[in-house]
Amino acid sequence: MTFSWKRMSAILIKDYKDFSRNMAVSVVIFMPPLLAAFYGRIGVESLDAYYMIFNMTFAMVGAFVQSCLIAEEKEKNTLRGLMLSPANTAEILSGKSLLSFILTMVVIVVSAFLSDYYPQNIFVITLSFIISALFYIALGTLVGLFAKSVMEASVYVLPVIGIFTFGSFIAVFADKYPVLKAANYMPNAQLIEIATAVETGAGFGDVLSNLVVILAWVVVFAVLTIAIYRKRMVD
């Protein structure tokens with residue numbers, strides 16, 4: 001079956017209407033820009049502060065919004081209708097993810113502007129943001145597939161928000177607890193490493209290994225998401 005942009009666009013439009021009507025979910029997109037504006041006005045210029053906002057955006061907009069959109073479909077029993085429609089898996093998952101991706105990137109750009117963050121290498125940082133957004137959306141989709149309602153998804157995604165917003169600070173205790181060194185390979189920590197390297201003049205080749213690590217997370221969670229989605233289709 002060929003990929004239909006028309007079917008994917010129809011799913012995107014439907015998601016936008018559902019999202020705009022659900023204030024409990026849509027309000028989260030304003031939190032990172034407000035924090036960014038606050039940081040910008042008080043003159044915060046720390047990479048850790050900037051990327052706490054960006055990682056919060058990925059977790060709250062990418063993962064949270066995505067999980068709620070999927071869970072809402074399940075709660076209304078419309079996801080099963082999508083599964084039984086002519087749309088294939090790629091069209092459904094792409095359509096269901098596109099709104100979260102667009103919102104995430106828009107909030108990232110607005111937050112960067114409000115906090116006065118201007119990276120040395122915009123290409124590398126943009127690429128790392130795009131790959132990171134794909135990971136969080138895949139994670140949000142997975143959470144949404146396990147949740148039975150929007151409320152349940154909101155609870156399930158709370159650890160995701162906490163871990164991926166503040167998880168990079170775990171590395172501070174790595175010397176005392178060596179097992180915590182694994183936190184350095186989390187996508188949020190890799191993103192900060194990329195940003196730090198870019199500020200010292202690093203190019204694409206210098207951060208390629210970090211991008212590959214984040215991309216590996218994307219592949220793993222994308223495979224898990226597709227597997228769980230197809231399992232739901234035959235349940």
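All of these numbers come straight from a predicted model, not from anything done at the bench.
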Enquirer: With rounding to the nearest 0.5 angstrom, report the OG to OH distance, Ser9 to Tyr16.
Expert: 15.0 Å
Enquirer: Does Met31 have more than 12 heavy atoms from other residues, nucleotides or ligands lying within 6.0 Å of its CE?
Expert: no
Enquirer: Quick check: does any side chain N or O of Asn188 sit under 3.5 Å from a backbone N or O of Phe164, one acting as donor and the other as acceptor?
Expert: yes
Enquirer: What residues join Val109 in its hydrophobic cluster, counting side-chain heavy atom gaps under 4.5 Å, either direct or through other members?
Expert: none
Enquirer: Linking I/L/V/M/F/W/Y whenever their side-chain heavy atoms sit closer than 4.5 Å, directly or via other members, would Val219 and Leu211 fall into one cluster?
Expert: no
Enquirer: Counting distance only, does the side-chain N/O of Lys74 pair as donor-acceptor with the main-chain N or O of Leu145 below 3.5 Å?
Expert: yes
Enquirer: Can you tell if the side chain of Val157 reaches within under 4.5 Å of the side chain of Val160, non-hydrogen atoms only?
Expert: yes
Enquirer: Evaluate the ring planes of Phe135 and Phe221, with Trp represented by its six-membered ring, and classify them as parallel (under 30°), tilted (30 to 60°) or perpendicular (over 60°).
Expert: perpendicular
Enquirer: With sequence neighbours left out, what residues match Ala37 under side-chain contact (heavy atoms from CB on, under 4.5 Å)?
Expert: Arg41, Leu114
Enquirer: Ala90: which residues meet the side-chain contact (heavy atoms from CB on, under 4.5 Å) condition with it, sequence neighbours left out?
Expert: Phe3, Asn88
Enquirer: Is Leu69 reachable from Met151 through a run of I, L, V, M, F, W or Y residues, each pair having side-chain heavy atoms under 4.5 Å apart?
Expert: no
Enquirer: Using the test side-chain hydrogen bond (donor to acceptor under 3.5 Å, both in side chains), find all partners of Glu72 that sit at least two apart in sequence or belong to another chain.
Expert: Lys76
Enquirer: Any side-chain heavy atom of Thr104 within less than 4.5 Å of one from Phe129?
Expert: no
Enquirer: Indicate the atoms forming the closest heavy-atom contact of Ala222 with Ala138, along with that distance.
Expert: N-CB, 4.2 Å
Enquirer: Among pairs that include at least one residue of residues 198-224, which meet side-chain hydrogen bond (donor to acceptor under 3.5 Å, both in side chains), considering only residues two or more places apart or in two chains?
Expert: Gln190-Asn210, Glu193-Asn210
Enquirer: Could you see if Leu139 belongs to whatever hydrophobic cluster contains Val155? Use Ile, Leu, Val, Met, Phe, Trp, Tyr and a side-chain cutoff under 4.5 Å.
Expert: no
Enquirer: Taking the hydrophobic residues Ile, Leu, Val, Met, Phe, Trp and Tyr, and joining any pair whose side-chain heavy atoms are under 4.5 Å apart, which ones share a cluster with Leu34?
Expert: none
Enquirer: Might you point out which heavy atoms bring Ser111 and Pro33 nearest each other, and give the distance in Å?
Expert: OG-N, 3.6 Å
Enquirer: Glu73 versus Asp15: any side-chain heavy-atom pair under 4.5 Å?
Expert: yes
Enquirer: Okay, side chain of Ser20, backbone of Lys17: is any donor-acceptor separation there less than 3.5 Å?
Expert: yes
Enquirer: Between atom CG of Leu191 and atom OG of Ser128, what is the distance when rounded to the nearest 0.5 Å?
Expert: 5.0 Å
Enquirer: Under 3.5 Å, is there a donor-acceptor pair between the side chain of Glu75 and the main chain of Val150?
Expert: yes
Enquirer: Kindly compute the distance separating CD1 (Ile131) from CD1 (Ile214), expressed to the nearest 0.5 Å.
Expert: 6.5 Å
Enquirer: A side-chain contact here means heavy atoms from C-beta on lying under 4.5 Å apart; do Ile192 and Leu47 qualify?
Expert: no
Enquirer: Hydrophobic clustering (ILVMFWY, side-chain heavy atoms < 4.5 Å, transitive) - are Val107 and Ile102 grouped together?
Expert: yes
Enquirer: Any side-chain heavy-atom pair from Phe64 and Val143 closer than 4.5 angstrom?
Expert: no
Enquirer: Applying side-chain contact (heavy atoms from CB on, under 4.5 Å), can you list everything that pairs with Val212, at least two apart in sequence or on another chain?
Expert: Leu208
Enquirer: According to a 4.5 Å side-chain heavy-atom criterion applied to Ile, Leu, Val, Met, Phe, Trp and Tyr, with indirect links allowed, do Val223 and Val220 form part of one hydrophobic cluster?
Expert: no
Enquirer: Show the nearest heavy-atom pair for residues Val124 and Gly203, with the distance to one decimal.
Expert: CG2-C, 4.2 Å
Enquirer: Listing request: all ring-ring contact (aromatic ring centres under 6.0 Å, His included) pairs with a residue in residues 68-120, at least two apart in sequence or in separate chains.
Expert: Tyr50-Tyr117, Tyr51-Tyr117, Phe54-Tyr117
Enquirer: Report yes if the side chains of Asn55 and Tyr136 come closer than 4.5 Å at any heavy-atom pair, otherwise no.
Expert: yes
Enquirer: Under the side-chain contact (heavy atoms from CB on, under 4.5 Å) test, which residues partner Ile92, sequence neighbours left out?
Expert: Ile11, Leu82, Ala87, Lys96, Tyr229
Enquirer: Holding to side-chain hydrogen bond (donor to acceptor under 3.5 Å, both in side chains), I want the full list of residues that pass it with Asp18, two or more places apart in sequence or in another chain.
Expert: Lys14, Arg21
Enquirer: Check side-chain hydrogen bond (donor to acceptor under 3.5 Å, both in side chains) between Ser100 and all other residues, then give those that pass, not counting sequence neighbours.
Expert: Gln66
Enquirer: To the nearest 0.5 Å, what is the distance between CD1 on Ile42 and OG on Ser115?
Expert: 11.0 Å
Enquirer: Ignoring hydrogens, what is the shortest heavy-atom contact between Ile122 and Thr126? Give both atom names and the distance.
Expert: O-OG1, 2.7 Å
Enquirer: Quick check: closest heavy atoms across Ala71 and Ala153, and the distance to 0.1 Å?
Expert: CB-CB, 3.7 Å
Enquirer: Which distance, rounded to the nearest 0.5 Å, do you find between the CG of Leu215 and the CD1 of Ile130?
Expert: 12.5 Å
Enquirer: Can Ile137 and Phe58 be said to form a side chain to side chain contact (heavy atoms under 4.5 Å, CB included), step by step?
Expert: CA-CA 8 Å; Ile137 290 170; Phe58 287 125; over 6 Å; no
Enquirer: Please enumerate all residues that pass side-chain hydrogen bond (donor to acceptor under 3.5 Å, both in side chains) together with Ser132, with sequence neighbours excluded.
Expert: none
Enquirer: Please name the pair of heavy atoms, one in Val61 and one in Val65, separated by the smallest distance, quoted to 0.1 Å.
Expert: O-CB, 3.0 Å
Enquirer: With rounding to the nearest 0.5 Å, note down the distance linking CD1 in Ile125 to CD1 in Ile108.
Expert: 11.0 Å
Enquirer: Show your working on side chain to side chain contact (heavy atoms under 4.5 Å, CB included) between Ser67 and Thr141 and close with a plain yes or no.
Expert: CA-CA 5 Å; Ser67 66; Thr141 304; over 6 Å; no
